[in-house]
Amino acid sequence: AQSVTQPDIHITVSEGASLELRCNYSYGATPYLFWYVQSPGQGLQLLLKYFSGDTLVQGIKGFEAEFKRSQSSFNLRKPSVHWSDAAEYFCAVGAGSNGAGKSTFGDGTTLTVKP
Amino acid sequence: DAGVTQSPTHLIKTRGQQVTLRCSPKSGHDTVSWYQQALGQGPQFIFQYYEKEERGRGNFPDRFSARQFPNYSSELNVNALLLGDSALYLCASSLGFSEAFFGQGTRLTVV
């Protein structure tokens with residue numbers, strides 16, 4: 001069975017500081033991995049996705065993520081956080097490349113940005 | 001392009017009642033997926049429909065059902081509502097295996 005663990009329920013960073021959100025997955029085959037962002041009361045927006053190839057993937061809004069097969073991790077990073085990045089972030093693993101197949105989501109990490 | 005639209009945005013129902021949630025996919029998309037997101041949790045996959053056929057189902061009871069229409073819009077039905085069905089219900093659409101886009105969801109409260 002596939003599963004996703006986001007160890008950090010809540011993270012607070014200062015504006016302009018760097019950010020890393022952790023994601024560990026369990027999947028029996030080559031995983032399709034995703035990061036989504038959700039603002040309060042909103043749906044999910046895809047930040048980036050990994051299927052194969054280069055293990056460092058670039059996404060929207062200046063985010064990037066690195067796939068590490070040996071550690072079963074897909075951590076999300078941003079060099080300099082902006083106040084507008086405050087939101088909830090979800091990591092997901094799935095069998096479908098479209099990101100909305102039978103994907104399994106983590107429980108999310110809430111990001112607070114201090115001025 | 002209106003993107004993925006869901007209706008209604010909010011809904012309050014009584015235990016035991018039935019509810020129907022609606023989703024219109026992004027223009028040109030043929031695949032619709034439904035998710036349940038309980039408070040403080042990540043979305044959980046309920047159904048996926050492609051070309052009016054169910055292509056996948058998550059671990060949800062038979063009280064949950066869905067269908068897709070010829071115009072690719074979709075309905076999610078939940079019968080015999082329980083308090084635990086209170087959640088944000090998300091719809092996502094895609095064209096085959098392209099990127100999926102999510103709607104803003106329907107907030108269902110069961111009292």
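Only a predicted model underlies this, so the values are computations on that prediction, with no experimental measurement involved. Proteins come first, then strands; the chains are lettered A, B, ... in the order of their sequence lines, and each starts at number 1.
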Requested in this report: Please look at Q44(B) and chain A and tell me whether the side chain, the backbone, both or neither of the residue comes under 4.5 angstrom of a heavy atom of that chain.
Outcome: neither
Query raised in the report: Does atom CZ of R77(A) have more than 12 heavy-atom neighbours, drawn from other residues, nucleotides or ligands, at distances under 6.0 Å?
Result: yes
Query raised in the report: Is a side-chain donor-acceptor pair under 3.5 Å present for N75(A) with S73(A)?
Result: no
Query raised in the report: Contact part of E88(A) toward chain B, heavy-atom cut-off under 4.5 Å: side chain, backbone, both or neither?
Result: neither
Query raised in the report: Based on non-hydrogen pairs under 4.5 Å, which of Q45(A), Q42(A), Q6(A) is most in contact with chain B?
Result: Q42(A)
Query raised in the report: Between L81(B) and L83(B), is there a shared hydrophobic cluster once you connect ILVMFWY residues whose side-chain heavy atoms come closer than 4.5 Å?
Result: yes
Requested in this report: Check each atom of L88(B) against the heavy atoms of chain A and say whether the ones under 4.5 Å are side chain, backbone, both or neither.
Outcome: side chain
**Report entry** Parallel, tilted or perpendicular: rings of F105(A) and F102(B) (30°, 60°)
**Finding:** perpendicular
Query - Leading residue by heavy atom contact count with chain A [cutoff under 4.5 Å; candidates G105(B), G56(B), P43(B)] - result: P43(B)
Query raised in the report: Looking at D85(B) and R15(B), does any basic side-chain N land under 4.0 Å from a carboxylate oxygen?
Result: no
